[in-house]
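What follows is a single structure, written as structure tokens, with notes after it.
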Amino acid sequence: MDWGMQNRLAGIINPRTGRCLMLAIDHGYFQGPTSGLERPGQAVAPLLPHADALMLSRGVLRSVIDPANRTPIVLRVSGGTSVLKDDLSDEEITVSLEDAVRLNAACLATSIFVGSAHERQTLAGLSRLCDEGQRFGIPVLAVTAVGKEMARDARYLGLACRIAAELGAHVVKTYYCDDFERVVGGCPAPIVIAGGKKIEEREALRIAHRAVSSGAVGVDMGRNIFQSQWPVPMIRAVRSIVQEGRSDADAWDLFRQLTA
Ligand code: R5P
């Protein structure tokens with residue numbers, strides 16, 4: 001791996017801890033003004049100091065993030081669908097490498113839809129993105145999107161993660177599930193978990209802890225942070241698990257102290 005690629009990855013996954021707390025605010029690329037992100041600039045400002053990396057689309061990056069920002073940017077570069085369609089898998093790469101370089105992206109993010117109607121198209125998109133990222137020394141994060149008809153279990157997620165890594169993804173983002181060690185064990189690339197739909201803070205902390213205990217390098221979490229009534233205490237509690245090695249019980253205590 002060349003210097004630029006290693007340097008960009010080290011900005012996302014802390015080389016000292018081997019861990020990463022990525023904040024995801026890219027949901028609008030197919031959901032529009034997602035609850036909690038109607039004004040993304042206001043939502044993200046107090047959270048950014050606690051994130052190792054920020055995942056978002058180029059439109060939101062350009063319009064609300066100060067160019068003086070030092071947090072590495074994980075740029076969402078796929079899209080082409082909306083929540084108005086039943087089938088969300090019909091995505092393609094929507095950002096040129098030239099623009100990603102111009103935006104100083106530290107990583108490129110695309111979704112793959114294994115088992116969907118557009119499986120081949122999204123896997124070919126990932127492969128091309130890895131080739132292009134390689135030319136510029138920019139790593140690629142593959143998001144294992146799960147269609148309604150797919151089970152979020154270790155068999156399916158393990159398959160999708162392994163395929164993403166085999167095709168060249170440098171980091172894979174997936175969902176936590178039972179038997180998660182099997183998913184991590186079968187994937188040669190580091191794994192981060194998405195938080196998924198908003199759930200109780202206590203439960204989201206438990207899942208974050210189980211994921212890193214099972215071998216994930218961290219989280220790429222969105223709604224369970226920015227849709228919380230207490231987003232800053234929540235990101236700090238998640239951070240205490242991911243970067244400080246605290247238990248979920250300790251993180252919950254921290255959350256309660258910060259919200260008291
Ligand atoms: C989904 O397509 C987006 O990539 C989100 O960034 C991802 O789902 C992570 O956010 P959340 O923790 O809200 O699931």
Side-chain angles (χ1 to χ4, degrees), residues 12 20-38 40 43-44 47-48 50-61 71-83 85 87-95 105 107-114 116 118 122 125-126 129 140-148 150 152 157 160-161 164 169 171-177 191-201 203-212 216-228 231 234-235 237-239 241-242:
I12 296 167
C20 168
L21 193 167
M22 195 183 300
L23 175 64
I25 61 159
D26 62 320
H27 306 61
Y29 90 94
F30 72 100
Q31 292 183 357
T34 308
S35 173
L37 285 182
E38 295 87 348
V44 78
L47 301 173
L48 209 43
H50 307 286
D52 297 316
L54 179 66
M55 180 185 188
L56 75 179
S57 68
R58 65 176 165 187
V60 171
L61 174 65
T71 307
I73 297 300
V74 178
L75 193 66
R76 162 64 68 175
V77 298
S78 66
T81 59
S82 83
V83 279
K85 297 277 187 187
D87 179 7
L88 291 172
S89 70
D90 195 8
E91 282 196 4
E92 61 180 73
I93 302 300
T94 52
V95 178
C107 188
L108 310 168
T110 186
S111 292
I112 58 169
F113 293 78
V114 172
S116 75
H118 298 93
T122 58
L126 167 64
L129 197 61
V140 173
L141 176 135
V143 180
T144 64
V146 183
K148 287 177 195 145
M150 301 296 165
R152 285 191 192 190
L157 295 175
C161 289
V171 185
V172 178
K173 167 175 165 173
T174 194
Y175 292 94
Y176 179 77
C177 62
I191 288 184
V192 290
I193 61 150
K197 283 185 183 157
K198 173 76 177 69
I199 52 178
E200 292 297 318
E201 282 82 0
E203 185 56 18
L205 294 174
R206 193 172 287 127
I207 288 172
H209 185 259
R210 283 189 189 155
V212 294
V217 299
V219 302
D220 181 11
M221 193 176 272
R223 288 164 288 181
N224 278 289
I225 293 173
F226 63 72
Q227 289 181 350
S228 171
M234 187 57 185
I235 195 170
V238 175
R239 185 169 189 83
I241 292 171
V242 172

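Remember, it's 1-based here, ligands and their atoms both numbered in the order they're listed.
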So is there a nitrogen or oxygen of [X] less than 3.5 Å from a nitrogen or oxygen in ligand 1?
| X | value |
| --- | --- |
| Arg223 | yes |
| Gly195 | yes |
| Ala194 | no |

Out of [options], who is nearest to [atom] when you count heavy atoms only?
| atom | options | result |
| --- | --- | --- |
| atom 5 (C) of ligand 1 | Leu23, Asp26, Ile25 | Asp26 |
| atom 8 (O) of ligand 1 | Phe226, Tyr29, Tyr175 | Tyr175 |
| atom 7 (C) of ligand 1 | Lys173, Gln227, Met55, His27 | Lys173 |

Worksheet item: Heavy atoms, side chains only, cut-off 4.5 Å: are Val238 and Leu21 in contact?
Response: yes
Discussion item. So Asp220 and Ile193, do their side chains get closer than 4.5 Å, heavy atoms only?
Written reply: no
Would you say [Y] and [X] are linked by a side-chain donor-acceptor pair, where the criterion is simply a distance under 3.5 Å?
| X | Y | answer |
| --- | --- | --- |
| Glu91 | Thr122 | no |
| His118 | Ser89 | yes |
| Ser111 | Arg76 | yes |

Discussion item. Check contact between Asp220 and ligand 1, using heavy atoms of the residue and a distance below 4.0 angstrom.
Written reply: yes
What are the atoms of ligand 1, with element, lying closer than 4.0 Å to any heavy atom of [X]?
| X | answer |
| --- | --- |
| Met221 | 12 (O) |
| Phe30 | 2 (O) |
| Ala24 | 6 (O), 9 (C), 10 (O) |

Discussion item. Heavy-atom pairs closer than 4.0 Å: do any link ligand 1 to the side chain of Arg76, the backbone, both, or neither?
Written reply: side chain
Discussion item. In this structure, is the centre-to-centre distance between the rings of His27 and Phe226 below 6.0 Å?
Written reply: yes
Worksheet item: Can you name the nearest heavy-atom pair linking Lys198 to Arg223, along with the distance?
Response: CD-O, 3.7 Å
Worksheet item: Atom NE2 in His50, atom CE in Met234: separation rounded to 0.5 Å?
Response: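 Answer for the NE2-CE pair, His50 versus Met234, is 13.5 Å.
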